[in-house]
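Computed from a predicted model, the values in this text were never measured in an experiment. No hydrogens, no waters, no symmetry mates; every other heavy atom, side chains included, goes into these values.
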Amino acid sequence: MKSIVLLPTIRRETDKDYTLRAVERFRMHGAEVRFDRAFAGERFAEGATLCEPENLFCGADMIVVLGGDGSILRGSEYALTYDIPLLGINFGRVGYMAELEKHEIPLIDRIYTGDYTVQERMTVQVEKKRVDGKTTLLSRSALNEVAVGRGSYPKCIDLRLNADGCMVRTIRADGVVFATPTGSSAYSMAAGGSVIDPVLECVCVTPVCPISRYACPIIFSGNTTLELENIDDRAPHVDVTADGTEPMPLYFGERLVIRRSERRCKMLKLKHEGFFSVLNAKLSEYELKK
């Protein structure tokens with residue numbers, strides 16, 4: 001790991017201090033640290049390699065995101081595109097996806113003693129099929145989730161879920177979340193979905209505020225091709241987002257097709273605690289902050 005791209009999200013002055021600490025840790029081990037040229041003039045970027053955005057990731061060995069889960073999701077797009085591992089350091093509030101907290105920056109040393117693993121996380125591809133049969137690719141590799149919601153429409157929406165061409169059920173609800181194992185601890189969990197070990201290969205489909213109490217979450221194999229059809233002829237359209245992108249409309253009669261992508265996101269793991277131990281600690285900490 002000799003060439004490291006740092007992607008910091010700076011909201012407070014202390015974020016600059018912790019970014020500098022991370023830079024110094026990598027330099028202790030002789031690593032080249034790269035920043036986007038937009039950070040020129042920042043104290044933490046002094047002596048670093050400043051790159052134009054189009055050249056920032058070329059030849060890099062690792063991406064380090066210093067921010068919250070949203071920042072890590074944006075960083076994962078680059079990790080997927082360039083097929084390099086990603087390490088998250090939490091500058092946000094909870095940071096489910098981050099491997100390290102700010103005070104754990106010294107654990108970066110483990111990279112250079114070989115005391116780390118790389119987990120490959122499943123992503124999903126999302127397509128929209130129009131009524132005329134034309135297909136539009138909405139996301140090549142969503143790491144967290146695909147969410148379908150009613151948007152500004154004030155009533156519940158009607159949707160039909162199919163799996164491998166067979167109808168599963170119709171759903172009347174505020175929406176539906178298709179969560180990967182990585183994203184199962186985000187929106188899906190808040191809507192009552194199951195929390196899944198992130199190394200598994202499956203999709204959890206969770207209705208959001210369903211009318212029927214029997215509309216429970218369902219976990220499908222990663223080999224399953226899922227389809228969600230908009231069968232609501234009252235709403236102008238329903239909204240689709242993939243990993244928090246801008247909402248995209250799904251009109252009456254149109255279908256989403258969600259299947260496992262060939263692309264996998266490589267996440268660097270430096271700590272030895274299990275996933276659920278870390279999750280419980282973060283949840284407990286968040287509850288205490290409220």
Side-chain angles (χ1 to χ4, degrees), residues 122-198 200-245 247-263:
M122 170 186 167
T123 66
V124 292
Q125 177 178 299
V126 191
E127 298 173 334
K128 180 172 84 167
K129 286 192 175 181
R130 294 176 8 189
V131 177
D132 61 10
K134 293 184 178 179
T135 300
T136 303
L137 180 66
L138 301 185
S139 176
R140 186 180 171 191
S141 46
L143 174 62
N144 234 26
E145 68 207 4
V146 179
V148 180
R150 58 187 175 88
S152 60
Y153 185 66
K155 301 178 182 178
C156 289
I157 51 178
D158 293 329
L159 305 161
R160 179 182 293 123
L161 176 66
N162 295 324
D164 289 335
C166 299
M167 192 181 89
V168 177
R169 66 171 303 141
T170 57
I171 301 169
R172 176 167 289 182
D174 281 354
V176 177
V177 181
F178 295 80
T180 67
T182 297
S184 67
S185 57
Y187 187 11
S188 177
M189 181 179 73
S194 299
V195 177
I196 303 168
D197 189 318
L200 296 179
E201 301 271 327
C202 56
V203 175
C204 182
V205 180
T206 305
V208 179
C209 297
I211 291 294
S212 171
R213 63 177 178 174
Y214 300 109
C216 57
I218 306 174
I219 297 175
F220 293 91
S221 160
N223 296 322
T224 305
T225 298
L226 298 166
E227 288 190 352
L228 189 75
E229 183 180 357
N230 179 4
I231 58 171
D232 198 316
D233 59 0
R234 305 162 302 159
H237 59 78
V238 301
D239 286 342
V240 180
T241 60
D243 281 354
T245 56
M248 298 164 280
L250 186 74
Y251 295 101
F252 174 67
E254 293 186 332
R255 292 173 291 156
L256 283 184
V257 180
I258 299 168
R259 58 170 62 91
R260 178 170 50 194
S261 171
E262 294 179 356
R263 303 170 88 190

Does anything in residues 215-227 form a side chain to side chain donor-acceptor pair (under 3.5 Å)? List the pairs, not counting sequence neighbours.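 Every pair satisfying side chain to side chain donor-acceptor pair (under 3.5 Å) with a residue in residues 215-227: Asn223-Arg260, Glu227-Arg255.
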For residues 138-149, which residue pairs pass the side chain to side chain donor-acceptor pair (under 3.5 Å) check, not counting sequence neighbours? Ser141-Arg263
Pairs involving residues 200-240, ordered by first then second residue, that meet ring pair (Phe, Tyr, Trp, His ring centres under 6.0 Å) (sequence neighbours left out):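 Sorted result for residues 200-240: His237-Tyr251.
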Given side chains that start at C-beta, do those of [X] and [Y] come closer than 4.5 Å, heavy atoms only?
X	Y	answer
Leu226	Val205	yes
Val126	Val257	no
Thr170	Ile231	yes
Cys202	Pro181	yes
Leu250	Leu256	yes
Cys156	Ile211	yes
Leu228	Ile258	no
Glu254	Val131	yes

Arg169 CZ: over 12 foreign heavy atoms closer than 6.0 Å: yes
Only counting residues at least two apart or in another chain, list the ones meeting side chain to side chain donor-acceptor pair (under 3.5 Å) with Arg160.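 By the side chain to side chain donor-acceptor pair (under 3.5 Å) rule, Arg160 matches Glu229.
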Under the rule for side chain to side chain donor-acceptor pair (under 3.5 Å), what residues qualify as partners of Asn162, not counting sequence neighbours?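 Here no residue qualifies.
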Quick one: do Phe178 and Leu161 satisfy side-chain contact (heavy atoms from CB on, under 4.5 Å)? Show the steps, please. CA-CA 11 Å; Phe178 295 80; Leu161 176 66; 4.0 Å; yes
Polar side-chain atom of [X] near backbone of [Y] as donor-acceptor pair, under 3.5 Å:
X	Y	value
Thr135	Lys129	no
Asp158	Asp232	no
Thr180	Gly183	yes
Lys128	Pro249	yes

Kindly compute the distance separating [atom1] ([X]) from [atom2] ([Y]), expressed to the nearest 0.5 Å.
X	Y	atom1	atom2	result
Asn230	Phe252	CG	CZ	7.5 Å
Tyr187	Thr241	OH	OG1	8.0 Å
Ser185	Ile196	OG	CD1	10.0 Å
Ser152	Asp239	OG	CG	7.0 Å
Leu143	Thr123	CG	OG1	7.0 Å

What are the two closest non-hydrogen atoms of [X] and [Y], and how far apart are they?
X	Y	answer
Ala242	Ala142	CB-CB, 4.4 Å
Arg259	Glu127	NH1-OE1, 3.3 Å
Cys204	Pro217	SG-CB, 4.1 Å

Residues which pass salt bridge (Lys or Arg N to Asp or Glu O under 4.0 Å) with Asp132, listed by chain and number, not counting sequence neighbours: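 So Asp132 forms a salt bridge (Lys or Arg N to Asp or Glu O under 4.0 Å) with Arg130.
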Consider side-chain contact (heavy atoms from CB on, under 4.5 Å). Of Ile157, Val208, Val176, which one does Ile171 pass it with?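 Passing option: Val176.
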Please step through side-chain contact (heavy atoms from CB on, under 4.5 Å) for the pair Ser184 and Val195, ending with a clear verdict. CA-CA 5 Å; Ser184 67; Val195 177; 4.3 Å; yes
